[in-house]
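First comes the structure, then the notes that go with it.
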Amino acid sequence: MILPADRVTLTIDEEDKILRASTVVMAQCARPRGVIFVVSLVGVSPIYESEHYFGPWTTDQARQFGFVEPAPPSGLVGFKGAPPYEPQVSTVEDPVLTEADYDILAECENEPEGESFRKALYGAGPWVEELSAVNDSLPETKEARALLEELGVCYRDQGLTPYSKDLSWPVGGRGDEISEAQIELALKVVECKNSIDFTRRMATLESQMQAPIITKYGKDMLAHRQLIDSALVDADKVIEEYRQSPEYQQRQAATPTTS
């Protein structure tokens with residue numbers, strides 16, 4: 001689901017990459033001062049981009065996860081019915097950090113080399129809060145409530161019972177369990193959403209609410225997007241250089257791969 005504001009803001013993958021590059025800069029600053037640790041370069045799973053929109057909204061989501069937020073096995077640990085997951089364990093242990101070590105790391109967070117990363121991650125303007133407010137208030141608007149009520153009618157026709165406060169899920173939907181029963185229920189939800197074109201219509205309502213904010217801050221948002229794009233270029237360079245470093249290569253050699 002891509003809304004207008006998504007085109008000028010950080011994606012989950014972009015934020016993760018910039019954070020990792022920022023951590024590499026901090027680690028490289030701290031290493032000569034005796035604080036040594038290895039930064040993981042395993043990126044965030046693309047499946048996190050397949051987020052819910054008023055619950056599951058695609059057949060693929062429903063078949064894999066039921067009502068659980070899409071995630072790789074590592075993100076489903078502890079969920080009932082989740083696939084098994086065995087984390088990779090390195091034979092190299094990072095040293096235990098002292099209070100003085102953390103002071104050094106705090107100083108290294110302000111390294112000049114990481115300035116572009118900080119601007120990309122934390123330099124966004126007031127539009128962030130205003131867009132978040134749109135997301136929170138959308139379900140309470142007259143138009144959204146009418147659409148949710150329409151979805152509820154389909155649920156009842158399917159023999160399902162809508163929740164009284166949030167008709168986007170029927171009674172029985174669980175966000176912490178993956179099972180045949182949950183998948184069957186989630187598929188009925190997706191069928192209802194498709195039958196009334198729910199997702200497109202709700203996304204249109206949200207886009208209309210975002211439009212004044214984008215108009216108001218458009219130039220600033222585009223400028224910040226340029227900072228993000230520049231930071232991503234820097235992040236790729238920092239991460240690739242670090243990937244070739246002896247400390248990272250040693251950690252990789254000491255970490256067994258899993259199939």
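Values reported hereafter were calculated over all heavy atoms of this structure, with side chains retained and with hydrogens, waters and symmetry mates removed. The structure displayed is predicted, hence computed values, not measured ones.
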Exercise. Run the side-chain contact (heavy atoms from CB on, under 4.5 Å) check on M221 and L131 step by step: do they pass?
Worked result: CA-CA 12 Å; M221 293 176 77; L131 288 170; 4.1 Å; yes
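- Minimum interatomic distance between G172 and L185 (heavy atoms only, all atoms of both residues): C-CD2, 3.6 Å.
- A salt bridge between R118 and E115 is present, with a side-chain N of the basic residue lying under 4.0 Å from a carboxylate O of the acidic one.
- In the hydrophobic clustering of this structure, I228 does not group with V233; members are Ile, Leu, Val, Met, Phe, Trp, Tyr whose side-chain heavy atoms approach within less than 4.5 Å, directly or through other members.
- Ionic pairing of E191 and K188 is not present here: no N-O contact between side-chain nitrogen and carboxylate oxygen is shorter than 4.0 angstrom.
- Within the model, atoms CG of L232 and CG of L10 stand 7.5 Å from one another, a figure rounded to the nearest 0.5 Å.
- Contact detail for V189 and P56: the closest heavy-atom pair is CG1-O, 4.1 Å.
- A donor-acceptor pair is defined here as one N or O able to donate and one able to accept, closer than 3.5 Å; no such pair exists between the side chain of E206 and the backbone of L138.
- Although no hydrogens or angles enter the test, the distance criterion places a donor-acceptor pair under 3.5 Å between the side chain of E49 and the main chain of I12.
- Here the side chains of T9 and V128 are not in contact, with every heavy-atom distance at 4.5 Å or above.
- The main-chain N or O of S245 is never found under 3.5 Å from a side-chain atom of Q250 such that the two would form a donor-acceptor pair.
- The main-chain N or O of L41 is never found under 3.5 Å from a side-chain atom of Y242 such that the two would form a donor-acceptor pair.
- Atom CG of D234 is separated from atom OG of S22 by 11.5 Å, given to the nearest 0.5 angstrom.
- A donor-acceptor distance shorter than 3.5 angstrom exists from the side chain of Y155 to the backbone of S168, with no hydrogens or angles considered.
- Residues R33 and C108 are in side-chain contact: their nearest non-hydrogen atoms beyond the backbone lie under 4.5 Å apart.
- Atoms CE and CG, on M209 and L205 in that order, are 8.5 Å from each other to the nearest 0.5 Å.
- Using a 30° and 60° split on the angle between ring planes, F54 and F198 fall in the perpendicular class, above 60°.
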For this session: Go through V68 and I178 one step at a time and tell me if the side-chain contact (heavy atoms from CB on, under 4.5 Å) criterion holds.
Result: CA-CA 7 Å; V68 173; I178 302 174; 3.7 Å; yes
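- In the displayed structure, R243 atom CZ is contacted under 6.0 Å by more than 12 heavy atoms of other residues, nucleotides or ligands.
- Using a 3.5 Å distance cut-off with no hydrogens or angles, the side chains of N135 and S132 do not pair a donor with an acceptor.
- Checked by atom type and distance alone, the side chain of S195 pairs as donor or acceptor with a backbone atom of C192 at under 3.5 Å.
- One N or O on the side chain of S207 and one on the backbone of A203 form a donor-acceptor pair closer than 3.5 Å.
- Of all heavy-atom pairs between A71 and Y48, the closest is CB-CE2, 3.8 Å.
- Around the CD atom of Q244, the shell of radius 6.0 Å holds more than 12 heavy atoms that belong to other residues, nucleotides or ligands.
- The backbone N or O of S50 sits less than 3.5 Å from a side-chain atom of Q61, completing a donor-acceptor pair.
- T11 contributes atom OG1, which lies 10.0 Å from atom CD1 of I2 (distance to the nearest 0.5 angstrom).
- Side-chain contact between I196 and L147 is present, with at least one heavy-atom pair separated by less than 4.5 Å.
- Side chains of F37 and D101 form no contact here, defined as non-hydrogen atoms less than 4.5 Å apart.
- In this structure, E130 and K216 have side chains that are in contact, with non-hydrogen atoms separated by less than 4.5 Å.
- Of the possible polar contacts, one joining the R20 side chain to the S40 backbone as a donor-acceptor pair under 3.5 Å is found.
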Problem set entry | Test log, rule side-chain contact (heavy atoms from CB on, under 4.5 Å), inputs V8 and H224 | CA-CA 8 Å; V8 289; H224 188 252; over 6 Å; no
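- Ring orientation note: the planes of H52 and W169 are nearly perpendicular, at an angle over 60° on the 30°/60° scale.
- The shortest distance between side-chain heavy atoms of K80 and D176 does not fall below 4.5 Å.
- Under a 4.0 Å N-O distance rule, the pair D13/K17 does not qualify as a salt bridge.
- F65 and W57 fall into different hydrophobic clusters, defined by Ile, Leu, Val, Met, Phe, Trp and Tyr side-chain heavy atoms under 4.5 Å apart, directly or through other members.
- Between P170 and Y163 the shortest heavy-atom distance is O-CE1, 3.2 Å.
- Residues S116 and A231 come closest through the heavy atom pair O-CB, 3.6 Å.
- Of the possible polar contacts, one joining the D6 side chain to the L3 backbone as a donor-acceptor pair under 3.5 Å is found.
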For this session: Could you give me the CA-CA distance, side-chain angles and deciding distance for Y248 and V24, then say whether side-chain contact (heavy atoms from CB on, under 4.5 Å) is met?
Result: CA-CA 11 Å; Y248 184 76; V24 167; over 6 Å; no
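- V190 and L160 fall into different hydrophobic clusters, where Ile, Leu, Val, Met, Phe, Trp and Tyr residues are linked whenever their side-chain heavy atoms come under 4.5 Å apart, directly or through other members.
- Between atom CG of residue L121 and atom CD of residue E15 there is a gap of 6.5 Å, rounded to the nearest 0.5 Å.
- The structure places SG of C29 at 9.5 Å from CD of E113, a figure rounded to the nearest 0.5 Å.
- Residue I104 is grouped with residue M26 when hydrophobic side chains (ILVMFWY) are merged at heavy-atom distances under 4.5 angstrom, including chains of intermediate members.
- Residue Y85 places its OH atom among more than 12 non-hydrogen atoms of other residues, nucleotides or ligands, all under 6.0 Å distant.
- Of all heavy-atom pairs between F67 and R174, the closest is CB-O, 3.2 Å.
- Linking Ile, Leu, Val, Met, Phe, Trp and Tyr residues whenever their side-chain heavy atoms come within less than 4.5 Å leaves F117 and L227 in two separate clusters.
- Here the side chains of L151 and L167 are not in contact, with every heavy-atom distance at 4.5 Å or above.
- Heavy-atom neighbours of E129 CD from other residues, nucleotides or ligands within 6.0 Å: at or below the threshold of 12.
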